[in-house]
Novice: 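Can you keep this structure in mind? I'll have questions shortly.
In what follows, every heavy atom counts, from backbone to side chain, and hydrogens, waters and symmetry copies are set aside. Order of the sequence lines fixes the chain letters, A, B, ..., with proteins taken first and strands second; residue numbering starts at 1 for each chain.
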There are 2 protein chains.
Amino acid sequence: MKEIRKRSECPISYCLDFFGDKWALLIIRDIVLNDKYTFGDFLSSDESIATNILTDRLKMLEAEGFIVKYPVPGKARVGYCLTEEGISLISVVIEMALWGASKNVNGYRKELGAELKKDKSKVIKQLATKFTKKYRRVKNNLEQLDEKSKK
Amino acid sequence: MKEIRKRSECPISYCLDFFGDKWALLIIRDIVLNDKYTFGDFLSSDESIATNILTDRLKMLEAEGFIVKYPVPGKARVGYCLTEEGISLISVVIEMALWGASKNVNGYRKELGAELKKDKSKVIKQLATKFTKKYRRVKNNLEQLDEKSKK
DNA sequence: TTTTATACTTGCAAATTGCAAGTGCAAATA
DNA sequence: TATTTGCACTTGCAATTTGCAAGTATAAAA
């Protein structure tokens, strides 16, 4: 698992301690903007992440509290869901999306682009609300599974 | 020099094509928030970048049009200044700063933190204006040097 | 029990980072 | 003019990370 070392007291540096690589934020993106949640989902993204890198980054994100793993129906299937910590990254991801879009790289549907231009904060809030609800459901589910396994 | 390859049409991925490493955005940070502009300035930051990595990243940032190099008085001395392209990264840097600060990593003076909380957009605009003015001065200067060398 | 789907794990080569010594260039000084 | 000093890189090499692709473990269905 990618080792996290705090390089300085600078908040930007701190952010890059976790996310200063080509892949970690792409996983957050896939969850936030592409509704992906399984290992296979992330593997199928256009950037073609390698399985060992994906595993490594998911482990880091989970260990640092940005995502949580939960069972999904299907053989050996699992999903990954943002925690509150992970949800706080949405604004960074959106800011990058706006930056890239300003360079005429905009693979997202036109409506999202228009919404972001119209009211960026509103979009961020809506996404945060959506994933907060999902996180609560998943957390409850995990807690219930935990109780069951104790019987 | 770090090779830039466009991995997909996603704007976030596009941003990470340039900045998905531990160092490139730290250079932008140093220019924007620490008023640094020479090789030696960047070398002295708390994160201790290696000279070969710094050179590599400065070359990339220059080649991609985010910064421009200009002469500074002193022996073999040069400075680096944001271009309009580079200035457009300020909002990403600031969003990361806010994220890091929300995790209680805040090595900046309290006033900046307060200003950002009060009116993030205003701070971003002020910084953009400041560096736009500097870029214009530098560009004019470079153009004049260019004219001189043709005589 | 066997097959299938999923999530990883592993071995290895290529690429990148980090350390620290070295080199080249420009300006100041003797 | 020659030498010294300051600055911006460059270089050699070891350590680490990434990427490729085959392999393995687990869970559920047949």
Novice: Just to verify, what does B:Asp46 make a side-chain hydrogen bond (donor to acceptor under 3.5 Å, both in side chains) with, not counting sequence neighbours?
Specialist: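 Listed in chain order: nothing, the list is empty.
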Novice: Can you sort out the partners of B:Glu47 under salt bridge (Lys or Arg N to Asp or Glu O under 4.0 Å), two or more places apart, ordered by chain and number?
Specialist: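 Testing B:Glu47 for salt bridge (Lys or Arg N to Asp or Glu O under 4.0 Å), a comparison that skips the adjacent residues, returns B:Arg29.
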Novice: Within the 4.0 Å limit for protein heavy atoms, which parts of nucleotides 9-15 of chain C are touched? Write it as a string from 5' to 3', B for base, S for sugar-phosphate only, - for none.
Specialist: BB-----
Novice: Could you state the CZ-C1' distance from A:Arg7 to C:dT17, rounded to the nearest angstrom?
Specialist: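 After rounding, the reported distance stands at 12 Å.
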Novice: Find the bend of the helix from C:dT1-D:dA30 to C:dA30-D:dT1 as the angle between its two terminal axes (five pairs each), to the nearest 10°.
Specialist: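 For the helix from C:dT1-D:dA30 to C:dA30-D:dT1, the axes at either end differ by 0°.
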Novice: Tell me the interatomic distance from A:Met1, atom CE, to D:dT17, atom P, rounded to whole angstroms.
Specialist: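 My rounded result for the distance is 12 Å.
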Novice: Mind checking A:Phe42 for me? I need base, sugar-phosphate or nothing, with any heavy atom below 4.0 Å counting as a touch.
Specialist: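 It contacts nothing in the nucleic acid.
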Novice: Quickly work out the B:Ile49 CD1 to C:dG18 P distance and round it to whole Å.
Specialist: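 Taking atom P of C:dG18 as the reference, CD1 of B:Ile49 is at 8 Å.
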Novice: Is there a donor-acceptor pair under 3.5 Å between the side chain of A:Lys22 and the backbone N or O of B:Gly20?
Specialist: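 Absent.
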Novice: Holding to salt bridge (Lys or Arg N to Asp or Glu O under 4.0 Å), I want the full list of residues that pass it with A:Lys75, two or more places apart in sequence or in another chain.
Specialist: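 Expected list: none.
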Novice: The criterion is salt bridge (Lys or Arg N to Asp or Glu O under 4.0 Å); which residues satisfy it with B:Glu143, sequence neighbours excluded?
Specialist: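 Testing B:Glu143 for salt bridge (Lys or Arg N to Asp or Glu O under 4.0 Å), a comparison that skips the adjacent residues, returns none.
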Novice: Can you check each nucleotide of nucleotides 25-30 of chain D against protein heavy atoms at under 4.0 Å and return B for base, S for sugar-phosphate only, - for none, in 5' to 3' order?
Specialist: -BBBS-
Novice: If the cut-off is 4.0 Å, is A:Tyr80 near the phosphate of C:dC8, judged by side-chain N/O to OP1 or OP2?
Specialist: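 The answer is yes; a side-chain N or O of A:Tyr80 sits under 4.0 Å from OP1 or OP2.
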Novice: Please assess A:Trp23 against B:Leu16 for the test side-chain contact (heavy atoms from CB on, under 4.5 Å), listing each intermediate value before the final yes or no.
Specialist: CA-CA 8 Å; A:Trp23 301 110; B:Leu16 294 171; over 6 Å; no
Novice: Do A:Ser91 and B:Trp99 pair up side chain to side chain, a donor and an acceptor below 3.5 Å, judged on atom types alone?
Specialist: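 No, no side-chain donor-acceptor pair sits under 3.5 Å.
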Novice: Distance under 6.0 Å and angle within 45° of the ring axis: does B:Lys134 meet both against B:Tyr37?
Specialist: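 Yes - B:Lys134 lies over the ring of B:Tyr37, closer than 6.0 Å to its centre and within 45° of its axis.
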Novice: Which atom pairs, one a donor and one an acceptor, fall under 3.5 Å between side chains of residues 50-66 of chain B and the rest of the protein, sequence neighbours left out?
Specialist:
residue: B:Thr55; atom: OG1; partner: B:Thr51; partner atom: O; Å: 2.9
residue: B:Asp56; atom: OD1; partner: B:Met1; partner atom: N; Å: 3.3
residue: B:Asp56; atom: OD1; partner: B:Lys2; partner atom: N; Å: 3.0
residue: B:Asp56; atom: OD2; partner: B:Lys2; partner atom: N; Å: 3.2
residue: B:Arg57; atom: NE; partner: B:Asp21; partner atom: OD2; Å: 2.9
residue: B:Arg57; atom: NH2; partner: B:Asp21; partner atom: OD2; Å: 3.3

Novice: Backbone N or O of B:Thr38 within a donor-acceptor pair of the B:Asp41 side chain at under 3.5 Å?
Specialist: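 Side chain of B:Asp41 to backbone of B:Thr38: a pair is present.
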Novice: Please report the distance, rounded to the nearest Å, between CD1 in B:Ile53 and P in D:dA15.
Specialist: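 Going from CD1 in B:Ile53 over to P in D:dA15 covers 17 Å.
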Novice: Give the residues of residues 12-26 of chain A touching DNA chain D, defined as any heavy atom closer than 4.0 Å, sorted by residue number.
Specialist: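 Only A:Lys22, A:Trp23 qualify.
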Novice: In whole Å, what is the span from the OH atom of A:Tyr37 to the P atom of C:dT6?
Specialist: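 Going from OH in A:Tyr37 over to P in C:dT6 covers 11 Å.
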Novice: Can you sort out the partners of B:Tyr14 under ring pair (Phe, Tyr, Trp, His ring centres under 6.0 Å), two or more places apart, ordered by chain and number?
Specialist: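 For B:Tyr14, the residues satisfying ring pair (Phe, Tyr, Trp, His ring centres under 6.0 Å) (neighbours in sequence not counted) are B:Phe18.
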Novice: What is the distance from CD of A:Glu47 to C1' of D:dG19, rounded to the nearest Å?
Specialist: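 Nearest whole value for this atom pair: 15 Å.
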Novice: List in chain and number order the residues that pass salt bridge (Lys or Arg N to Asp or Glu O under 4.0 Å) with B:Lys6, two or more places apart in sequence or in another chain; answer none if no residue qualifies.
Specialist: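 By the salt bridge (Lys or Arg N to Asp or Glu O under 4.0 Å) rule, B:Lys6 matches B:Glu9.
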Novice: Let me check something: any side-chain donor-acceptor pairs from residues 120-127 of chain B under 3.5 Å, sequence neighbours excluded? List them with distances.
Specialist:
residue: B:Lys120; atom: NZ; partner: B:Glu95; partner atom: OE1; Å: 3.1

Novice: Do B:Thr83 and B:Lys139 pair up side chain to side chain, a donor and an acceptor below 3.5 Å, judged on atom types alone?
Specialist: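 Not at all, the side chains of B:Thr83 and B:Lys139 share no donor-acceptor pair under 3.5 Å.
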Novice: Whole-Å distance between C:dT6 P and A:Leu43 CG?
Specialist: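 Rounding to the nearest Å, CG of A:Leu43 and P of C:dT6 are 11 Å apart.
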Novice: What is the separation between atom NZ on B:Lys69 and atom P on D:dC7, rounded to the nearest whole Å?
Specialist: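 Spelled out: NZ on B:Lys69 to P on D:dC7 is 16 Å.
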